[in-house]
Every structure is written in structure tokens, then in C-alpha cells.
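The chains referred to below are lettered A, B, ... by the order of the sequence lines, with proteins before strands, and numbering in each begins at 1.
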2 protein chains.
Amino acid sequence: MVTASRPLRADAARNREKLLTAATELFAERGLDVPMEHIARRAEVSIGTLYKHFPTRDDFVASIFPQRLAALEVIGEKALAEPDPWQALAGYLEDLYAMQSEDRGLNDVLTRELPNAPQVVAACHRGAGHAGILIDRALEAGVLRADYSIADLATLTRAMAQVIRDSPGEWRRFLSIYVEGLRA
Amino acid sequence: MVTASRPLRADAARNREKLLTAATELFAERGLDVPMEHIARRAEVSIGTLYKHFPTRDDFVASIFPQRLAALEVIGEKALAEPDPWQALAGYLEDLYAMQSEDRGLNDVLTRELPNAPQVVAACHRGAGHAGILIDRALEAGVLRADYSIADLATLTRAMAQVIRDSPGEWRRFLSIYVEGLRA
DNA sequence: ACAAAACTTGAGGGCACCCTCGACTTAACG
DNA sequence: CGTTAAGTCGAGGGTGCCCTCAAGTTTTGT
């Protein structure tokens, strides 16, 4: 869309940038629920200005995460390039959750429903596309539990979100056990 | 302990009971974070009375959950009675999470740190004792992944808590995959 | 039946977060 | 420059939850 009405005034553009930077940092550090006031403070901007640019929290989310979720595509491509279907899937999961473990906000995004940030939902769907292919390949190769589906991956993602949150040192181990259970 | 100072006045004893009932119900339905006001309302008692009997949320937790956690002992005993070490462990996990899935408050209790409810912590430790024995048995029998430990069970429990919360229909399936991954 | 002790009540103060809006400031354009 | 539309500011009102305490009520023991 980019309905480029009138362009932003210089100071406004600057503030918008500062807000995005602050929100990006704070989401990553503290998750999606940081108080709006904190974002404004870190951006050195008043709370009123914050609401002028981003009337709802989801406006922040929608402005920040689609970009970040593009990394999903990258790890998806990487996995698709791997010839061994099992290695491809296992590697994908490892990369996916490594990414999730480094950004608390991303962790939240992948866990929650975000009905007001359709761009984010779309980006997730795109990511899921790759995952679906990887699963199909592994199924065809007969290396993956025959009843596995993309829905199981959603469940796993939420479980991993929790594990990452309260034992960031353990997620690889937990994942490796689960992945063992996935073999045909 | 039971430092039976003077016994409670009749009306006070009645109110205490009503509060416990209300809290038990609401914790199970909504989790440990229900507003205190809701508990008071359901108990048909004023908020002041609530605070007289249970000055902190953890006083409720400490009064309610040790009993409930006694069920852990029961399923522990049941599992210990099972001759096959693998079946014993797998059955234990199934029973444990079935229990957890029926009580949102219990789910919270098993997920959180509760430094102010030592009775609850103690009850959990007792439960963990059984689990430890089941794990040792399975290890000795060589049917369980050699590096498995009780710490992994704590991680699993938090993961299951999450799965139970947002996909109550899927936890058995998720668990069964994980358990597959546990085999030696 | 009465007084003292025990208990109950709910208005209200505190806090953290949400968000709005009218008064002020400043960039942009002639 | 001067005008004005665009943008900024932050005090303050709203909400939901926490918890307290002075005034009123009920139980208990005599």
C-alpha cells in the first residue's frame, strides 16, 4: 500500500524512527508487554507523541516484526537447500528456535494470536509454508513419524516458547529429545 | 505446627471455609491470578474479611495445594507398582499431566516459583521423589535415554503447562512424541 | 442480659498502566 | 520573515487491582 499521503515532517520522521528503535529494543529485551511509557521514555519522546505515531501496541508490532520474520524465509531456504530431508527438518527447527531464543518479543509474537497485526500473521504463514514443505519431504522419505503435521509444529513452537523463557539454557536439549521422538 | 491459639469464632470459621471453597474453585477455573475481589465475591464475604483470613495470595495457595498435591503421591505409588519400568514412567507422566490439565491453578503451581508457600514446595519435592525413582529404574533397565534426569522433567513440566493452556486437546499427542524421544 | 473480644464491612488511598486533549512549538512554504 | 498546518507535550482522567482501617456487628463467657 504505502499510501504516501503527505510525507512526514522532518521532526516527526525522526521521532518515528526513535520510537521504532526503542520499541524494537524493549520488545527484544522484555517482551511485547512493556509499558508504552517505557518505550516513550527510551525514545526520549512524550507519551502523546508515541500515541500519535502508533495508536495501538499492535501498530508497533506490525511495524517491527514482519521484517524480523523475514529471517524465517532465510532459514527456510537454507533448510530447503539441505539434501537430506531429516537433516533439513531438524536443522530448520534448531535455527527457528535459536532465533526465537534471542528475542523475547519474537517469542511472544510466535506464541500469541495477533488479530490486529495481519501483516505479522501473514509473515508467519509464509514461514509455515517452508516448514510444511520440509515436513512433506521428510514424510515422503519415510523418515518422519507418519502422522506428523504442521499443526504439531505450532504446538511445539508454543512449548518451546515456554522452555526458552524459563530455562534458556535447556531448550536445545529439550528440542533434541522431542526431535528424537519424531523419527519414523 | 497447628498452633491452636484460641479456636475461631463460629462465623469466622464459616467464612474461612467459604473463602477456601471459592478460592479452590476459582484457582481451578482461572488460575492463580484471579483478583482477590473475585474470590471474596464468590465467597459472599467482604474484601476486608478475605484479607483477615488470608493476608496474601500465597496464604491461599499454601492452604489449598498441599492437599491437592497429595494426589501426586497416589499416582507415584501407582506407577511404582507397575512392574515394567518403561510403562511405569510413561504412565506416570500421562497421569501427572492429566491431573495438571484439569486444574488451571495446579498448572500454575507446577510452573512457578512459590518462595512464600514452602508447604507447596515441599509437596512438590515429595512428588519429585517418586519421579526420581521411576527415572532411576528406567535407567537401570536401560530403556531410558542414558542422560535423562529429574531436571529434564522440570523442563518438560513447564512445557506441558504451556501446551495444556493453549491447546488442551493436544497435550497427549505432544507428550507421546516427547516420550518416544526418551527411549534408549 | 451485658460487656468485652472477635469479627465483618466497604469506602477509599495507592499504584501501574492505559489513553486523550487542549495549549504550546516548530518545520515548511511562499 | 510570517503564516499555518503539522507535530509535540504532559497533566490528568479512566480502569483494575492491591490493601488498610475506623466504624459497626456478632459471638462468647459470665
### Task
Carefully, step by step, assess B/D108 and B/T111 under the rule side-chain hydrogen bond (donor to acceptor under 3.5 Å, both in side chains).
CA-CA 5 Å; B/D108 288 351; B/T111 308; 5.4 Å; no

### Query
Under 4.0 Å between a side-chain N/O of B/H38 and OP1 or OP2 of D/dG16, yes or no?
no

#### Entry: D/dT8 OP1/OP2 closer than 4.0 Å to side-chain N/O of A/H53
yes

### Message
By the 4.0 Å heavy-atom rule, please label A/R14 as base, sugar-phosphate, or nothing.
### Response
nothing

### Task
Describe, in one word, how the ring planes of B/W171 and B/Y97 are oriented to each other, choosing from parallel (under 30°), tilted (30 to 60°) and perpendicular (over 60°).
perpendicular

### Message
For B/I39 versus B/F27, what's the shortest heavy-atom pair and its separation?
### Response
CD1-CE2, 4.2 Å

### Query
Do B/V74 and B/K78 pass the side-chain contact (heavy atoms from CB on, under 4.5 Å) test, and can you show the C-alpha distance, the side-chain angles, and the key distance before you say yes or no?
CA-CA 6 Å; B/V74 177; B/K78 177 184 155 200; 5.6 Å; no

Dump the pairs, protein N or O against N or O of nucleotides 28-30 of chain C, anything under 3.5 Å, distances to one decimal.
| unit_1 | atom_1 | unit_2 | atom_2 | d |
| --- | --- | --- | --- | --- |
| C/dA28 | OP1 | A/A10 | N | 3.1 |

### Task
Would you check if the side chain of A/R158 reaches a backbone N or O of B/R165 as a donor-acceptor pair within less than 3.5 Å?
no

### Query
To the nearest angstrom, how far is A/M36 atom CE from D/dC9 atom P?
16 Å

## Note on the structure
Testing C/dC19, D/dT20, C/dC17 for proximity to the side chain of B/Y51, the answer is D/dT20

### Query
Between D/dG10 atom P and A/E44 atom CD, what is the distance in whole Å?
12 Å

### Message
Restricting to non-hydrogen atoms, name the atom on B/M99 and the atom on B/R68 that form the minimum distance, rounded to 0.1 Å.
### Response
CE-O, 3.6 Å

### Query
Taking CD1 from B/I47 and P from D/dC18, how many angstroms apart are they, rounded to a whole number?
8 Å

### Summary
Which of D/dG10, C/dC19, D/dC19 is nearest the side chain of A/S46? It is D/dG10

## Note on the structure
Per atom distances to the B/E37 side chain, the nearest of D/dC9, D/dC19, C/dT8 is D/dC19

### Query
With respect to the side chain of B/P35, which nucleotide from D/dC18, C/dT9, C/dC17 is positioned closest?
D/dC18

### Query
When you measure from the side chain of A/R126 to the backbone N and O of A/E73, does any donor-acceptor pair fall under 3.5 Å?
no

### Task
Take atom CZ of B/R16 and atom C1' of C/dA6, then tell me their distance rounded to the nearest Å.
16 Å

### A/L72 versus A/G127, closest heavy-atom pair with distance
CD1-CA, 4.1 Å

### Task
Write down the distance between CG (B/L32) and C1' (D/dC17), rounded to a whole number of angstrom.
16 Å

### Distance below 4.0 Å between A/R57 side-chain N/O and C/dC18 OP1 or OP2
yes

### Nearest-nucleotide comparison on DNA chain D, the residue closer to the 5′ end among A/A12 and B/P55
A/A12

### Query
Where each residue is assigned the nucleotide of DNA chain D containing its nearest heavy atom, which of A/A13 and B/T56 is assigned the position nearer the 5′ end?
A/A13

### Query
How bent is the helix from C/dA1-D/dT30 to C/dG30-D/dC1, comparing axes over its five end pairs at each side, to the nearest 10°?
0°

### Query
Do the rings of A/Y148 and A/Y178 sit parallel, tilted or perpendicular, given the 30° and 60° boundaries?
perpendicular

### Task
Carefully, step by step, assess A/I135 and A/S149 under the rule side-chain contact (heavy atoms from CB on, under 4.5 Å).
CA-CA 7 Å; A/I135 289 175; A/S149 91; 6.0 Å; no

### Message
What is the separation between atom CZ on B/F54 and atom C1' on C/dT8, rounded to the nearest whole Å?
### Response
15 Å

### Task
Starting at atom CG of A/N15, determine the distance to atom P of D/dC9, rounded to an integer number of angstrom.
6 Å

### Query
What is the distance, rounded to the nearest whole Å, between atom NZ of B/K52 and atom P of D/dC18?
21 Å

